[in-house]
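What follows is a single structure, written as structure tokens, with notes after it.
A note on names: the letters A, B, ... follow the listed sequences, proteins ahead of strands, and every chain is numbered from 1.
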Amino acid sequence: MENNKPNHFIHDIIDADLKAKKYASKVHTRFPPEPNGYLHIGHAKSICLNFGIADKYKGTCNLRFDDTNPLKESDEYVQSIIADVEWLGYDIKNNILYASDYFDIFYEHAITLIKAGKAYVDDQSAELIKSTRGSLSAPGINSPFRDRAIEENLTLFKNMKSGQYANGEKVLRAKIDMSSPNLNMRDPIMYRIIHANHHRTGDKWCIYPMYDWAHGLEDSIEGITHSICTLEFEDHRPLYDWYLSQLKVHHPQQIEFARLDLDYTVMSKRKLKELVDNKHVDGWSDPRMPTISGLRNRGYSPDAIKMFCEKIGVAKRNNIIEYALLEYCVREDLNKKAMRVMAVLDPIKLIIDNYPDDTSEDLIADNNPENENDGTRLIPFSKELWIEKSDFMEDAPKKYFRLSPGKEVRLKHAYYVTCTKVVKDDTGRVIAIHCNYDPNSKGGWTDDGRKVRGTLHWVSVKHAVNAEVRLYDRLFTVDKPLDTKKHNNFIDTINPNSLHIIQNCKVEPSLNMIDFKQYYQFLRTGYFCFDSQSNAEKLIFNRTSTLRDSWKNP
RNA sequence: UGGGGGAUCGUUCAAUGGUAGGACACAUGGUUUUGGUCCAUGGGAUUGGGGUUCGACUCCCUAUCCCCCAGCCA
């Protein structure tokens, strides 16, 4: 297989490092989520990037939980993240790591820094620390506790660890430069006191490391070579570098790239959590959510998501990818994989007057014209069929290929039929359509050169199975829900019609849950999958996406 | 405002001093037992102004615009 995956600036950096024999010519990356929510498609970009690099350079990629804040994290999130990464297809069984496993090491390193006179215990309140940090243009003010004796710092820090102080009473700070133009360097906090139960370490600790202090050490301990993160950490890099060089430990290279943003959705864990908590969606895995588990329930394949992550590229400029590209990727992938079936979403009865009353016959249908190996199946055909309401028009425009009075169409895999008359109710609404079929067109073809433009899908009335179908639309009505210049609150821009449930859809009998398939294409209507709530008694399908539709009703 | 980043077709990624190219989107044809797929064609961009150079998206100067940072979040 040729490797024509696009190259990007991070590859260039790694190539240069390899050439310079930096890091003993090995490549080790990591994907470091905080378990404080479910993974979304933006994380998928990072996962594909980091695991992709490990793969390309024959290195390793760790899944590492950055679990340094017990207040926001939970095991539920840990489990969902592991499941999502594995579902995407990355083998992490032997590479699941936790920052919390390094807490003892972090602590020892902190002692080292204190002993070197590079860290101190500060008694100031959070408010005071904030107010003495200065501003974007004004320098900060040194804490009165900044020049405490090393021995005193050591004692105080040990007391912090042993639980002698309340939350917020003291912090450990790095002694750097309160007048640095980079706010991150103004004596950043290394440890804060949080008396809380941690999902892995329980009550062992009541001091927890801050991100900047912990992250570089995590990378260093694991022997990471290239620590890839998003743009907002760019001005944290000097601090990342400062800690590691003070401690003279293995020093990975931090590289920043632009995170993924998608139009017509939101992509921050906080915002997604708000949608979940306020019940705007049915949990993190709602098929409308841009979460990995949401996309999975929606019927997206791992390959489609990976293809998407490759196509969007990796660069440093802020970007908003069009949702259309994601849809292109599912269609592209599912076109090759999906089993073609017939399902009528909005049924109307079609009666074939010249077809025998009490017979039915099994017709051969190919499962996927894109892949002959997928074989064929039999579909029952009889006198009364369900067809799609939108496939009939009494007064049809010229370019309408479907059924209308006097016109002949093909019933897919079956016969040609010609519409003879319609039946209406008292209000004039069409409730049934009558037609005649051509017995010589069995299989949907004749050799007489007849041109039959329209092809309809159908389901035999007496063999049809009822199903519920859930149609999804974009979750938001605007392309940038978070544009505060246009919208006060992104919640206001939620699409009230993002979920449309239809009952009594008629599907072909092969669609029971006994012969379960992962991906379906309902012929002419879209890609679908079984909903996780679906069972043999009640079939429920989710629409993954529509098919492309070049037909424009004039 | 101090600091850190960034600006190329509608969107996104490339071009690393040498023909501005790909993908998606859009448009128009063709094929078709899915108005799907597939195939072909087309329109469409270097933020502005100077400079260096035989030659500039690329280097220099200047202006403008956008993003990030003042959590004991990550």
Hunt down the Watson-Crick or G-U wobble partner of B:C38, both distances under 3.5 Å, from any strand shown, or write none.
B:G30
At less than 3.5 Å, do the side-chain atoms of A:Glu370 and the base atoms of B:G36 form a donor-acceptor pair?
yes
So A:Leu325, base contact, sugar-phosphate only, or nothing? Heavy-atom distance under 4.0 Å.
sugar-phosphate
Given atom CZ of A:Arg524 and atom C1' of B:U32, what is their separation to the nearest angstrom?
14 Å
Atom C1', compared across B:C57 and B:U19: separation rounded to whole Å:
14 Å
If you look at every strand shown and take non-hydrogen atoms under 4.0 Å, does A:His236 touch a base, only sugar-phosphate, or nothing?
base
Check the phosphate of B:C73 against A:Arg192, side-chain N and O only, distance under 4.0 Å to OP1 or OP2. Yes or no?
yes
Hey, what's the ring geometry for A:Tyr38 with A:Trp284, parallel, tilted or perpendicular (30° and 60° as the breaks)?
parallel
Given atom CD1 of A:Ile312 and atom P of B:A23, what is their separation to the nearest angstrom?
18 Å
Need one value for A:Asn335: base, sugar-phosphate or nothing, where a base atom within 4.0 Å counts as base even if backbone is also close, heavy atoms only.
base
My understanding is that a pair needs two contacts under 3.5 Å, Watson-Crick or G-U wobble. By that rule, which nucleotide pairs with B:G2?
B:C69
Partner of B:U12 under the Watson-Crick or G-U wobble criteria, both distances under 3.5 Å, comes out as B:G22
Upstream residue (5' side of RNA chain B) when A:Ile189 and A:Ser441 are each assigned their closest nucleotide:
A:Ser441
If you look at every strand shown and take non-hydrogen atoms under 4.0 Å, does A:Tyr208 touch a base, only sugar-phosphate, or nothing?
nothing
Return yes if some donor-acceptor pair links the side-chain N/O of A:Trp458 with the main-chain N/O of A:Lys412 below 3.5 Å, else return no.
yes
Starting at NZ of A:Lys72 and ending at C1' of B:C72, how long is that distance when rounded to a whole Å?
11 Å
Considering only heavy atoms and no angle criterion, is a donor-acceptor pair shorter than 3.5 Å present between the side chain of A:Glu322 and the base of B:G10?
yes
Cation-aromatic face contact A:Arg410/A:Tyr416, 6.0 Å, 45 degrees:
no
For ring pair (Phe, Tyr, Trp, His ring centres under 6.0 Å), just list the numbers for A:Phe522 and A:Phe541, CA-CA rounded to whole Å, side-chain angles, deciding distance to a tenth of an Å, and then say yes or no.
CA-CA 10 Å; A:Phe522 288 2; A:Phe541 293 95; 5.1 Å; yes
Identify whether any heavy atom of A:Arg548 sits under 4.0 Å from a base atom; if not, whether one sits that close to sugar-phosphate; answer base, sugar-phosphate or nothing.
sugar-phosphate
Is B:G29 syn or anti, taking syn as a glycosidic angle within 90° of 0?
anti
Any donor-acceptor N/O pair, A:Glu388 side chain to A:Asp346 backbone, under 3.5 Å
yes
Just to be sure I understand the rule, does A:Gln521 reach a base, reach only the sugar-phosphate, or reach nothing, if contact means heavy atoms closer than 4.0 Å?
base
When you check the phosphate oxygens OP1 and OP2 of B:C24, does a side-chain N or O of A:Tyr328 lie under 4.0 Å from one of them?
yes
Would you measure the distance from the P atom in B:C73 across to the matching atom in B:A15 and give it in whole Å?
41 Å
Under 4.0 Å, heavy atoms only, any strand: does A:Ser135 hit a base, just the sugar-phosphate, or nothing?
base
Could you tell me how far apart A:Asn184 (CG) and B:C73 (P) are, to the nearest whole angstrom?
14 Å
Strand partner of B:G55, provided both Watson-Crick or wobble distances fall under 3.5 Å
none
Using atom P of each nucleotide, how far apart are B:C67 and B:U12 to the nearest Å?
14 Å
Suppose we call a contact any N or O donor and acceptor under 3.5 Å apart; does that hold for the side chain of A:Arg402 and the base of B:G35?
yes
Contact nearer the 5' end of RNA chain B, comparing A:Gly444 with A:Ala315
A:Ala315
Assess whether one donor atom and one acceptor atom, taken from the side chain of A:Arg340 and the base of B:U34, lie less than 3.5 Å apart.
yes
Span that lies between the C1' atom of B:U58 and that of B:A20, in whole angstrom:
12 Å
Euclidean distance for C1', B:U47 against B:G42 (whole angstrom)
27 Å
Between the base of B:U32 and the side chain of A:Arg453, is there any donor-acceptor pair under 3.5 Å?
yes
Of the listed nucleotides B:G35, B:U34, B:C13, the one nearest the side chain of A:Asn319:
B:C13
Is the phosphate of B:G71, meaning OP1 or OP2, less than 4.0 Å from a side-chain N or O of A:Lys130?
yes
Length of the line joining A:Leu71:CG and B:A74:C1', which is rounded to integer Å
13 Å
At 4.0 Å (heavy atoms only), tell me whether A:Phe401 reaches a base, stays on the sugar-phosphate, or touches nothing.
base
Face-on cation placement of A:Arg200 at A:Tyr98 ring, 6.0 Å and 45° thresholds:
yes
Of the listed nucleotides (B:U16, B:A74, B:G5), which one gets closest to any side-chain atom of A:Asp12?
B:U16
Side chain of A:Asn36, backbone of A:Glu73: donor and acceptor closer than 3.5 Å?
no
Touch class at under 4.0 angstrom, heavy-atom based, for A:Thr68 against every strand present
sugar-phosphate
Can you tell me whether the side chain of A:Asn182 and the base of B:G4 have a donor-acceptor pair closer than 3.5 Å?
no
Closer than 4.0 Å, any side-chain N/O of A:Arg259 to the OP1 or OP2 of B:C67?
no
Looking at B:C67, B:G71, B:A23, which one has an atom nearest to any side-chain atom of A:Lys485?
B:C67
Send over the distance from A:Asp549 CG to B:C26 C1', rounded to a whole Å.
15 Å
Remember a base hit wins even if backbone is also touched, and classify A:Pro369 as base, sugar-phosphate or nothing at under 4.0 Å, heavy atoms.
base
Interatomic distance at P, B:A56 relative to B:G51, whole Å:
12 Å
Could A:Lys442 and A:Tyr415 be counted as a cation-pi pair, given that NZ or CZ must be under 6.0 Å from the ring centre and within 45° of the axis?
no
C1' gap between B:G6 and B:G17, integer Å
22 Å
If I pick the P atom on B:G29 and the same atom on B:C13, what distance separates them, to the nearest angstrom?
33 Å
Looking at B:C38, I'd like to know if its phosphate oxygens (OP1 or OP2) sit under 4.0 Å from a side-chain N or O belonging to A:Arg331.
no
Atom-pair distance (CD1 on A:Ile320; P on B:A7), nearest Å
16 Å
Quick check on B:C73: is either OP1 or OP2 less than 4.0 Å from any side-chain nitrogen or oxygen of A:Asn36?
no
Taking any heavy-atom pair under 4.0 Å as a contact, classify A:Glu73: base, sugar-phosphate, or nothing.
nothing
Is a donor on one side and an acceptor on the other found under 3.5 Å between the side chain of A:Asp84 and the backbone of A:Ile292?
no
Would you mind classifying the nucleic acid contact of A:Val452 as base, sugar-phosphate or nothing, using non-hydrogen atoms under 4.0 angstrom?
nothing
Select base, sugar-phosphate, or nothing to describe what A:His413 touches, counting heavy atoms under 4.0 Å on all strands.
base
Does A:Arg474 make a cation-pi contact with A:Tyr264 (under 6.0 Å, within 45 degrees of the axis)?
yes
Taking OP1 and OP2 of B:C72, is either one under 4.0 Å from a side-chain nitrogen or oxygen of A:Ser125?
no
Mind checking if A:Phe257 touches a base, just sugar-phosphate, or nothing, with heavy atoms under 4.0 Å?
nothing
Length of the CG-P vector between A:Asp391 and B:G36, whole Å:
14 Å
